[in-house]
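Chain letters run A, B, ... following the sequence lines, proteins first and then strands; every chain starts at 1. Being a predicted model, the structure only gives us computed values, none of them experimental.
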There are 2 protein chains.
Amino acid sequence: MKTFEKIETAPLWNRVRGQIKDALLAGRFEPGQTLTLRSLAEMFGTSVTPVRDAINHLVAQGVLEAGPRNAAVVPDVASDLLKEIIFVRAELEGRAAREAATRKSPELIAALSAKLESMRSLIRQRQLDTYLDVHRDFHFTIYESAGIPLLYEMIENLWLRTGPILTYVIPDYVVSLRGSDHHQKIVAAIEAGDGPTAEAEIVSDIEEAANYLLSCADEYGRIRRGQKLAHHAG
Amino acid sequence: MKTFEKIETAPLWNRVRGQIKDALLAGRFEPGQTLTLRSLAEMFGTSVTPVRDAINHLVAQGVLEAGPRNAAVVPDVASDLLKEIIFVRAELEGRAAREAATRKSPELIAALSAKLESMRSLIRQRQLDTYLDVHRDFHFTIYESAGIPLLYEMIENLWLRTGPILTYVIPDYVVSLRGSDHHQKIVAAIEAGDGPTAEAEIVSDIEEAANYLLSCADEYGRIRRGQKLAHHAG
DNA sequence: ACATCATGCTTGTTATAACAAACAACAAAG
DNA sequence: CTTTGTTGTTTGTTATAACAAGCATGATGT
C-alpha cells in the first residue's frame, strides 16, 4: 500500500501527532477520556506504531497525561491547575507581546489587522468554530514575531494543555464581549512600538477570559460544558 | 491468588530511558554525538522498540535533540539557543522569586540563609562540585516556595537543557566572583518582602552567569570544556 | 585527475504478530 | 445476596521483518 504522494516526506508518526494536537486544540476529545492506541490507529488509518510514538511524545510534553497501565488520557484540568497555567501564560505571552512590539514590521501589522477584521466578521456571522482558529492564529502570529522559538514552543505547550476545555465556554465568552476586546488595542500598541501596553493588554485579555472560565467551574473545580451554552449545530 | 513476587515491573522502555539519562549525566555521551537505535539496543540488550520509545520521550522533553533523519543527537547547546534559554529563564525565575517574596515565611528565610552559608563555606574550601548541588538547591528552594508547581516544572526543564554545559565553566565563574554574588541580596529582598528587588537580583544573577558562559563560546558559538581553564590544553 | 553512477551498508520508520496484565461479565459456591 | 473463580476481551508492550532514504565506497568514463 504505497501512495504516489511523494510530496509529504514527514514521518507518519509526526503527522499523527499533529492531528492529535489539532483535535485537542479543537476540543474534539473529552477531558478525562482515555485514548486507546487501536482506536486512534483506526481513526487515522495507520498501525499502532505511529500512534504510539505520537502519544509518547505528547505525554512527555505534558500535553497528555499517563493514566493507569500507561494509557494516554486527555487532561481534565481543574481550577487549581488552570490558575497556574494562566499565571505562566500571562508571564510568557505578555513578554512575547512586549518583544513583538519592539520588532514590529509593516507586514506584521498588516497580517494582524487582516486577522482582526476576519475575527470581527466571523463573530458577526456566529461562525465560532472558525473564529477560534483565526483567534489562535492571531495570537501565535504575535508570539512568532517575537523571534524566540523556545518561547513560542513553551507558549504552544501551555495552549495545548488548556485546549480541551477552552472550546467549552470560549464561544459564549466571545459573543458576550460585544466589542470590548483587547485585540484591537494589542495591534495598536504593537504598531506604536509600545511594548508595555501590548504586554498589559495581552495579560488583561488572558486574565479576563480565565476569570470567565473559572466562573464556569463546578463544585469540584472542573470546567464543564455548560449551562450557558447556546450550542451551534455545525 | 496474589503473590508477593510481583515487586515492580516498570515498562522496559522506561528503564532504558533512565539508563540513557544516567549516561548523559555521567558524561558518557559526547555533545553532538548521534545515538543510533541499534547500537543502544545492543548496549542495553533489548530490541529497538523500547530504545525508540525512550528516545522519543527524551526528545520531546528537550533532553535530546532531533537531528537529520530524525536521529537522536546529544544536545550541543550553541549560543543562539543558550540566549533563548536565558531569556525565558530570566522571565520565569524572576517571576518565581517575586512571588516567593510575597509568600515568605521564617522557615524559608532560615533555610535559604543556611544554604547561603553552606555555599560560602564550600567556595572557601574549593569544593565546587558539592557547591553546585547546594547552589541548585538554593535556587529551587526559592522557586518551590512560589507555590506554583507548573512554574517549578518548567524552570526545572530549562535547567536540564543547560545542565551539561553548565558544569563546564561554572566552577571557574564561581571562584572568579570573589564575593560579589547576588544570592545574599536575593535572600535579603525576600526577607523584606521586596518582590521587585528579588526579581531584579535573580535576573542579574542569571544574566551575569550567562554572559560568562557566552564569553567561553568558540567561533561556532559552542561552549567547550576548558575554554578558559588553564589546566587543559587543546 | 575529476566527475558520475552503481552498489552495499546503515538507519529511522512502519506494520504485524505474539504476549502479559487489567478489566468486565457471568457462573458457581458460601 | 455476596463473594469468588473463570473466561473472554481489551490494551499497552516488545520483538521482528520489510522498507526507503541517506551515505560511504569504489568502479567507470571522460
Side-chain angles (χ1 to χ4, degrees), chain A residues 1-21 23-24 29-30 32-76, chain B residues 1-21 23-24 29-30 32-76:
Chain A
M1 33 206 90
K2 48 193 301 192
T3 68
F4 295 122
E5 317 275 339
K6 199 113 164 98
I7 305 175
E8 290 288 344
T9 36
L12 191 52
W13 70 266
N14 217 339
R15 267 179 287 174
V16 170
R17 170 171 151 267
Q19 299 186 50
I20 296 178
K21 279 171 62 177
L24 282 171
F29 291 145
E30 290 291 323
Q33 175 185 359
T34 66
L35 302 177
T36 66
L37 296 181
R38 287 169 177 84
S39 64
L40 290 179
E42 190 180 14
M43 175 183 305
F44 298 136
T46 70
S47 79
V48 297
T49 311
V51 176
R52 182 179 164 76
D53 290 338
I55 279 183
N56 254 298
H57 209 91
L58 294 173
V59 168
Q61 286 182 319
V63 176
L64 291 177
E65 286 179 356
R69 187 67 189 152
N70 267 336
V73 48
V74 180
D76 191 2
Chain B
M1 215 148 341
K2 295 188 177 184
T3 65
F4 294 133
E5 38 192 79
K6 177 179 175 261
I7 312 284
E8 279 207 23
T9 312
L12 192 51
W13 68 266
N14 219 340
R15 266 179 287 175
V16 171
R17 170 170 151 268
Q19 298 186 50
I20 295 178
K21 279 175 63 178
L24 281 171
F29 293 144
E30 286 296 318
Q33 177 184 359
T34 66
L35 303 177
T36 66
L37 297 180
R38 287 169 177 84
S39 65
L40 290 178
E42 190 181 13
M43 177 183 301
F44 299 137
T46 69
S47 77
V48 296
T49 312
V51 176
R52 184 177 161 75
D53 290 338
I55 279 184
N56 252 297
H57 210 90
L58 294 173
V59 168
Q61 287 182 321
V63 178
L64 290 179
E65 283 180 357
R69 186 72 187 150
N70 267 335
V73 46
V74 181
D76 190 3

Rounded off to whole Å, could you give me the [atom1]-to-[atom2] distance for the [X] and [N] pair?
{"X": "A:N70", "N": "D:dT10", "atom1": "CG", "atom2": "C1'", "value": "16 Å"}
{"X": "B:L40", "N": "C:dT11", "atom1": "CG", "atom2": "P", "value": "11 Å"}
{"X": "B:F44", "N": "D:dA15", "atom1": "CZ", "atom2": "P", "value": "13 Å"}
{"X": "A:L64", "N": "D:dG12", "atom1": "CG", "atom2": "P", "value": "12 Å"}
{"X": "A:L58", "N": "D:dG12", "atom1": "CG", "atom2": "C1'", "value": "17 Å"}
{"X": "B:D53", "N": "D:dT14", "atom1": "CG", "atom2": "P", "value": "7 Å"}
{"X": "A:L37", "N": "D:dG12", "atom1": "CG", "atom2": "C1'", "value": "6 Å"}
{"X": "A:R38", "N": "D:dT13", "atom1": "CZ", "atom2": "P", "value": "11 Å"}

Notebook entry, point to check: B:R15 side chain to B:A10 main-chain N or O, any donor-acceptor pair under 3.5 Å?
Noted result: yes
Next item on the list: Check the pair A:I20 / A:F29 against side-chain contact (heavy atoms from CB on, under 4.5 Å), numbers first and verdict last.
Entry: CA-CA 9 Å; A:I20 296 178; A:F29 291 145; 4.3 Å; yes
[X] near the nucleic acid: base, sugar-phosphate alone, or nothing, with a heavy-atom cut-off under 4.0 Å?
{"X": "B:T49", "value": "base"}
{"X": "B:I55", "value": "nothing"}
{"X": "B:L12", "value": "sugar-phosphate"}

Next item on the list: Please figure out whether A:P50 or A:R69 has its closest DNA chain C nucleotide nearer the 5' end.
Entry: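 In this pair, the answer is A:P50.
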Checklist line | Residue A:T36, side-chain heavy atoms: nucleotide from C:dA15, D:dG12, C:dT14 that is nearest | finding: D:dG12
Check: Which one, D:dG12, D:dT14, C:dA15, comes nearest to the side chain of A:S47?
Finding: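 Output: C:dA15.
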Notebook entry, point to check: B:V59 and side-chain contact (heavy atoms from CB on, under 4.5 Å): which partner among B:N70, B:L64, B:V73?
Noted result: B:L64
Item checked: Residue pair B:D53 / A:D53, side-chain heavy-atom distance below 4.5 Å ->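 With C-beta onward as the side chain, the pair touches.
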Note to self: Quiz question: going by heavy-atom distance under 3.5 Å, is there a donor-acceptor pair between the base of C:dG12 and the side chain of B:R52?
What the structure shows: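 Result: no qualifying N/O pair found.
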Checklist line | CA sep, side-chain torsions, deciding dist, call: A:R17, A:L58, side-chain contact (heavy atoms from CB on, under 4.5 Å) | finding: CA-CA 8 Å; A:R17 170 171 151 267; A:L58 294 173; 4.1 Å; yes
